[in-house]
Structure formats: C-alpha cells, structure tokens
Visitor: 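First the structure, which I've put down as structure tokens, then a few questions once you've had a look.
Numbering of ligands and ligand atoms starts at 1, following listing order.
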Amino acid sequence: MHTVEITLEQVLLARDRRVLRQRALAARYGGTLLSFTMNIAGPVKDAPLVRLAFQAGLAALDRDLGQPVHRELIQAPTGPEALLVYDRPAPWVKERCLLLEEREAVGRLYDLDVLSPEGEKLSRPQSRRCLICGGPVTVCSRSRAHGLPTIRARTRDILADFAAGHLSALARQALEDEVDLTPKPGLVDRRNTGAHDDMDRPLFHRSAGALAPYFRQFAARGMAGASPRELQSLGRQAEHAMLDATGGVNTHKGALYSFALLLSAMGRCLAEGGDPFDTAAAIAAALPPAENTHGSAVRSQCGGVRQEALSGFPTARHMRGILESAGPLSALVWAMSRLDDSTLVYRGGPQGLAYVRRRAAELLRLPEEALPPALEALDDDLMARRLSPGGSADLLALALFLRAAAPETWL
Ligand SMILES: CC(C)(COP(=O)(O)OP(=O)(O)OC[C@H]1O[C@@H](n2cnc3c(N)ncnc32)[C@H](O[C@H]2O[C@H](COP(=O)(O)OP(=O)(O)OP(=O)(O)O)[C@@H](O)[C@H]2O)[C@@H]1O)[C@@H](O)C(=O)NCCC(=O)NCCS
Ligand SMILES: Nc1ncnc2[nH]cnc12
C-alpha cells in the first residue's frame, strides 16, 4: 500500500464533511453519536498500521458498548473514520470511550468524540496526555514542546507495539479455540484426547500460552525486516519453549511453523506493504525443508506443511470462507477431505490418509448443525485406528486467526 501525504486543506474538508454527516445522522436517528477517528500527527494519516489499530478499536467498541443502531465507515487518505449511533445516554457512551482510551497505549491515538442527540460534544474531565512527556497535551501542543519527528516516531512505536501484541493475542486465541472446538475426529477436544495418549486440552492451552510471546516477536521481527534465517532461529527457540511447556510433547510444532510464517509476513507487510500470503510463501521458500523429522520420513509420499506454506496457505484461506458460510466443523471436515496431512501418513501410511479423506468426504454434504453426531462416530473410529488429522486441526486454527485478524481490512 502506497502511503499518501495529505494537506491541511484536505484535513479541513474531511472535518467539514464529517460534521455534515453527523448532523444528518442526528436528524435521522436521534440517539448518541460517536465519531471515531485516529490521532495521527504529520502528513501521513492512512497506513496499514493505522488501519489495524482502527479495526481493533472498532472491535473494542463493539465489545464494550454493544452493537450500534447505525455504523458507517469511511476509508480516506485523511485516515479511517467511523460514525456510530447508539441507543444509549451520551454520558454512558463517553464514560466507556474514556476507559477504552486509557486501557492501553494505542488508546492515546484514538479520537472518540461523543455527541448528544442535541449535537453537544461531551468534553473529557481532564486534558489528554502528551504522547512524549505524559503532561497535558494542550500545554505541549501550544508550546510546541516536542518536534513533529519525535511525535511521529513515538506514534509509530505505539502502533507497531500494539500490532505485534494484538496479532499475538489473536493467534493464541485461535489455537485455544481450535482445541476447544468439539467434536473433532481423532483430535484433542472437550470430548476426549482423540488418537493421543500424551496430550489433553490443558496441555494445548499451556502450549498456546508458551508460544504467545514468540508470536509477538515474529510479528515485530517481520516489521523490522528480519531475514528468513533469523526467523527460523526464532522458530527453533519457540519450539524449545513449547516443548518445555509440554514436557517434550509435540502439541503445536506444525502450527508454530505456519503461524510463525504468517505473523512474520503480516509484520513485513504492515511495514512495507504487499500480500501476506505471498510474503509467507517467499519466507518458506528461503528456508530448507527440515530433516530428521516425521515429515522428512514421509516426504516422498506427502508434501506436508511446507508445501501448504509454499503455496501461500490456500487450504486455510478456503477454510476461512467456510467459517463465514457454514462453521468451524464444516471447515475442518473440508480440510480433512483433501489435505496432504503428514501426521496421517506418518501414523497410517498413504492408506491411512486415503481412509480419512474418504470418510470426511462422506460428510461434506451435511450442514454444520448435523455434523456433531457423525463426527462423534468418526472420532471413535479414528481413535481405534490411532489416526489424528493434526494438520487439518492446525489449519483450522490458522483459519480462525485469519477471520479474527481480517488482514484484508488493513493491508
Ligand atoms: C516444518 C516443521 C514443522 C518441520 O516438521 P516436519 O518436517 O515434520 O514437517 P511436516 O510433517 O510436513 O509437518 C509438521 C507438522 O505440521 C502439521 N501438518 C502436517 N501436514 C500439514 C499440512 N499439509 N498443512 C498444514 N499443517 C500440516 C502437523 O502438525 C500438527 O500435528 C502434530 C501433532 O500430531 P502428532 O501425530 O501427535 O505428531 P507427533 O507428536 O510428531 O507424532 P506422535 O509421536 O505423537 O505419533 C503437531 O505438530 C501439530 O502442529 C505436522 O506434524 C518445522 O518444525 C520446522 O522446520 N521448524 C524449524 C523452525 C522454523 O522454521 N520455524 C518458523 C519459520 S518462520
Ligand atoms: N486438537 C488437536 N488434537 C491433536 N493434535 C492437534 N494439533 C493441533 N491441534 C490438535
């Protein structure tokens, strides 16, 4: 994405347009109006990092204030904007906006103007704090205490730090939501431990917690332009941390590889633009396939996770679409019906993979709500055969992450 420098005149025109829309919405709905824009100093007001923070702010508003009666979004060179109407008292809305602004550093970059039904803008009880010194921003802006380069550098640091933490939290949540989804044939879930004697749900949650700090680092290192070799080294450190947390059990080795690639790629694209899936594939291609692993043992029969990465994660991307149109169980069944899953080949040979693909394909026509009984029966069958579609489970987590992160809204 090419960043654009805007003029003061464009800023003023955007503000005039916003005021006219606010009046139109007040006339149409009454209710309390929230105008959400970003406080970004300098001539570049619209960039991937800004959009990511803005999208996260919208999600936080939905979480803290509930669904508005009306919402409209504007994407412009002067920066992302949202106009929201709530059927709530203006002081109630303002109080929650102030809490949201204070909750984390990125809130300092949110401009949440609350207007009463009569058009009166609710003031804040005390001045906003300066990004640089923490004093009243009115004093610093009047005295020009800090130069624009300093403020822009601090703004970018806040946005970059927020992005890494936010993406890490979404990735961790996706891993936890995947293992909690039930019933999943042959896999660990709330019903049983599938075809595994050495893993259970608490172990997977511990594993996700151990990986979260590394997920943050992959995104941050990607933003900093780290090389594939550096990322691979970080990946090995993350694998060791996972194994330390699980007592040596391989819960997420494959998931770590996929998430590491995608998070590094998202970080790179947040800083430099580009497509995160193409970037992930390029990083994977720059690294040699692993040796002396289960995957290497069956590589002549199965492409495994590296092949999925080299192709830009097409399976996870298609699964995300199924999440929207049907649901997570349907997405898992679809993946099981076609994925080149090395865990199945390693455990049951090509015939084990073919068996799972065939049984899953039989379920493709069922609607999401009709799947649980059939999946419980398949679960009992795969447990008896010691077959575990761990690759499909990993890609379900990746699809859940893509739905939550929605990179198309900020890249
Ligand atoms: C690339 C590495 C993972 C090297 O591992 P390997 O050479 O073995 O690669 P694969 O076999 O191809 O895949 C490894 C795991 O990836 C999952 N997976 C398999 N097929 C696919 C696929 N087509 N698409 C996506 N993902 C796939 C699967 O992982 C899950 O299953 C594992 C748990 O199942 P289980 O059967 O219990 O496995 P084990 O415990 O090993 O067997 P048992 O002893 O229990 O019988 C678990 O890993 C899940 O995640 C495959 O197992 C990678 O490790 C690597 O190169 N790392 C170096 C560091 C690095 O480069 N990192 C980041 C780069 S930016
Ligand atoms: N729920 C699960 N059960 C077994 N292996 C997995 N790998 C990733 N998620 C898994």
Visitor: Which of the numbered atoms in ligand 1 are under 4.0 angstrom from any heavy atom belonging to Ala290?
Guide: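 Those of ligand 1 that fall under 4.0 Å from Ala290 are 4 (C), 7 (O), 56 (O).
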
Visitor: For ligand 1, which atoms have a heavy atom of Leu395 less than 4.0 angstrom away?
Guide: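 Listed by number with element, the hits are 24 (N), 25 (C).
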
Visitor: Could you tell me whether Leu339 approaches ligand 1 through its side chain, its backbone, both or neither, with non-hydrogen atoms closer than 4.0 Å?
Guide: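 Contact part for Leu339 vs ligand 1: side chain (C-beta onward).
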
Visitor: So for atom CG, which belongs to Asp87, do other residues, nucleotides or ligands contribute more than 12 heavy atoms lying within a distance under 6.0 Å?
Guide: no

Visitor: Taking only heavy atoms of Thr293, which atoms of ligand 1 are found under 4.0 Å from at least one of them?
Guide: 6 (P), 7 (O), 8 (O)

Visitor: Please write down residue, atom name and distance for the protein heavy atom closest to atom 20 (N) of ligand 1.
Guide: Ser342 N, 3.1 Å

Visitor: If you count the atoms of ligand 1 from 1 in the order shown, which ones are under 4.0 Å from a heavy atom of Ala255?
Guide: 50 (O)

Visitor: Is His252 touching ligand 1 with its side chain, its backbone, both, or neither, if touching means heavy atoms under 4.0 Å apart?
Guide: backbone

Visitor: Could you tell me whether the side chains of Asp180 and His205 share a donor-acceptor contact shorter than 3.5 Å?
Guide: yes

Visitor: Considering only heavy atoms of Gly235, which atoms of ligand 1 have at least one such atom less than 4.0 Å away?
Guide: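 Counting from 1, the qualifying ligand atoms are 59 (C), 62 (N).
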
Visitor: Please report, to 0.1 Å, the donor-acceptor pairs under 3.5 Å made by any side chain of residues 71-82, with sequence neighbours excluded.
Guide:
unit_1: Glu72; atom_1: OE1; unit_2: Arg21; atom_2: NH2; d: 2.6
unit_1: Glu72; atom_1: OE1; unit_2: His70; atom_2: NE2; d: 2.7
unit_1: Glu72; atom_1: OE2; unit_2: Arg21; atom_2: NE; d: 2.8
unit_1: Glu72; atom_1: OE2; unit_2: Arg21; atom_2: NH2; d: 3.2
unit_1: Gln75; atom_1: NE2; unit_2: Asp46; atom_2: OD1; d: 3.2
unit_1: Glu81; atom_1: OE1; unit_2: Arg18; atom_2: NH1; d: 3.3
unit_1: Glu81; atom_1: OE2; unit_2: Arg17; atom_2: NH2; d: 2.8
unit_1: Glu81; atom_1: OE2; unit_2: Arg18; atom_2: NH1; d: 3.0

Visitor: Quickly, which of Arg96, Arg103, Arg88 forms a salt bridge (Lys or Arg N to Asp or Glu O under 4.0 Å) with Asp64? Name it, please.
Guide: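 Looking at Arg96, Arg103, Arg88, the match for Asp64 under the salt bridge (Lys or Arg N to Asp or Glu O under 4.0 Å) is Arg103.
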
Visitor: For ligand 1, which part of Ser388 has a heavy atom less than 4.0 Å away: the side chain, the backbone, both, or neither?
Guide: neither

Visitor: Number the atoms of ligand 1 from 1 as they appear, then name those within less than 4.0 Å of a heavy atom of Glu239, with their elements.
Guide: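 Reading through ligand 1 atom by atom, the close ones are 53 (C), 54 (O), 55 (C), 57 (N), 58 (C), 59 (C).
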
Visitor: Can the ring centres of Phe54 and Tyr110 be said to be less than 6.0 Å apart?
Guide: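 No, too far apart.
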
Visitor: Nearest protein heavy-atom contact for atom 59 (C) of ligand 1: which residue, which atom, what distance?
Guide: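 Minimum-distance protein heavy atom for atom 59 (C) of ligand 1 reads Gln232 O, 3.7 Å.
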
Visitor: Between ligand 2 and the protein, find all N/O pairs closer than 3.5 Å and give the distance for each.
Guide:
unit_1: ligand 2; atom_1: 1 (N); unit_2: Glu178; atom_2: OE2; d: 2.9
unit_1: ligand 2; atom_1: 1 (N); unit_2: Val188; atom_2: O; d: 3.0
unit_1: ligand 2; atom_1: 3 (N); unit_2: Val188; atom_2: N; d: 2.8
unit_1: ligand 2; atom_1: 9 (N); unit_2: Glu178; atom_2: OE1; d: 2.8

Visitor: Could you verify whether a donor N or O on one side chain and an acceptor N or O on the other, from Asp341 and Tyr346, lie under 3.5 Å apart?
Guide: no

Visitor: I'd like to know if Glu239 pairs up with Arg236 as an ion pair, taking the criterion as any Lys NZ or Arg NE/NH1/NH2 lying under 4.0 Å from an Asp or Glu carboxylate oxygen.
Guide: no

Visitor: Under 6.0 Å from the CD atom of Glu9, do we count more than 12 heavy atoms belonging to anything else shown?
Guide: no

Visitor: Is the closest heavy atom of Arg299 to ligand 1 under 4.0 Å?
Guide: yes

Visitor: Do Phe218 and Phe259 make the cut of ring centroids closer than 6.0 angstrom?
Guide: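 Centroid separation for Phe218 and Phe259: 6.0 Å or greater.
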
Visitor: Which bit of His196 gets closer than 4.0 Å to ligand 1, counting heavy atoms only: side chain, backbone, both or neither?
Guide: side chain

Visitor: Assess Ile283 for proximity to ligand 1: is some non-hydrogen atom of it under 4.0 Å away?
Guide: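 No, Ile283 has no heavy atom closer than 4.0 Å to ligand 1.
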
Visitor: Apply ring-ring contact (aromatic ring centres under 6.0 Å, His included) to His318 and list each qualifying residue two or more places apart in sequence or on a separate chain.
Guide: Trp334

Visitor: Which of the atoms of ligand 1 are close to Ala260, meaning less than 4.0 Å from one of its heavy atoms?
Guide: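 Contacts of ligand 1 toward Ala260, numbered from 1: 63 (C), 65 (S).
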
Visitor: Is it the side chain, the backbone, both or neither of Asp394 that has a heavy atom closer than 4.0 Å to ligand 1?
Guide: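 Within the 4.0 Å criterion, Asp394 contacts ligand 1 through side-chain atoms alone.
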
Visitor: Nearest protein heavy-atom contact for atom 44 (O) of ligand 1: which residue, which atom, what distance?
Guide: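 Sorting protein heavy atoms by distance from atom 44 (O) of ligand 1 puts His294 CE1, 3.5 Å first.
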
Visitor: Which of the numbered atoms in ligand 1 are below 4.0 angstrom from a heavy atom of Gly304?
Guide: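 Result: 12 (O), 20 (N), 21 (C), 22 (C), 23 (N).
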
Visitor: Among all the protein's non-hydrogen atoms, which is closest to atom 14 (C) of ligand 1, and how far away is it?
Guide: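 Sorting protein heavy atoms by distance from atom 14 (C) of ligand 1 puts Val305 CG1, 4.0 Å first.
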
Visitor: Could you establish whether Leu234 and ligand 1 come within less than 4.0 Å of each other, counting only heavy atoms on the residue side?
Guide: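 Leu234 does not count as a contact of ligand 1 under the 4.0 Å cut-off.
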
Visitor: Just to verify, what does His240 make a ring-ring contact (aromatic ring centres under 6.0 Å, His included) with, not counting sequence neighbours?
Guide: none

Visitor: Closest approach of Gly194 and Arg386, non-hydrogen atoms and distance?
Guide: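 Looking at all heavy atoms of both residues, the shortest contact is O-NH1, 4.5 Å.
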
Visitor: Taking the basic N atoms (NZ, or NE/NH1/NH2) and the acidic carboxylate oxygens, is any pair closer than 4.0 Å for Asp394 and Lys253?
Guide: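 No, this pair does not count.
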
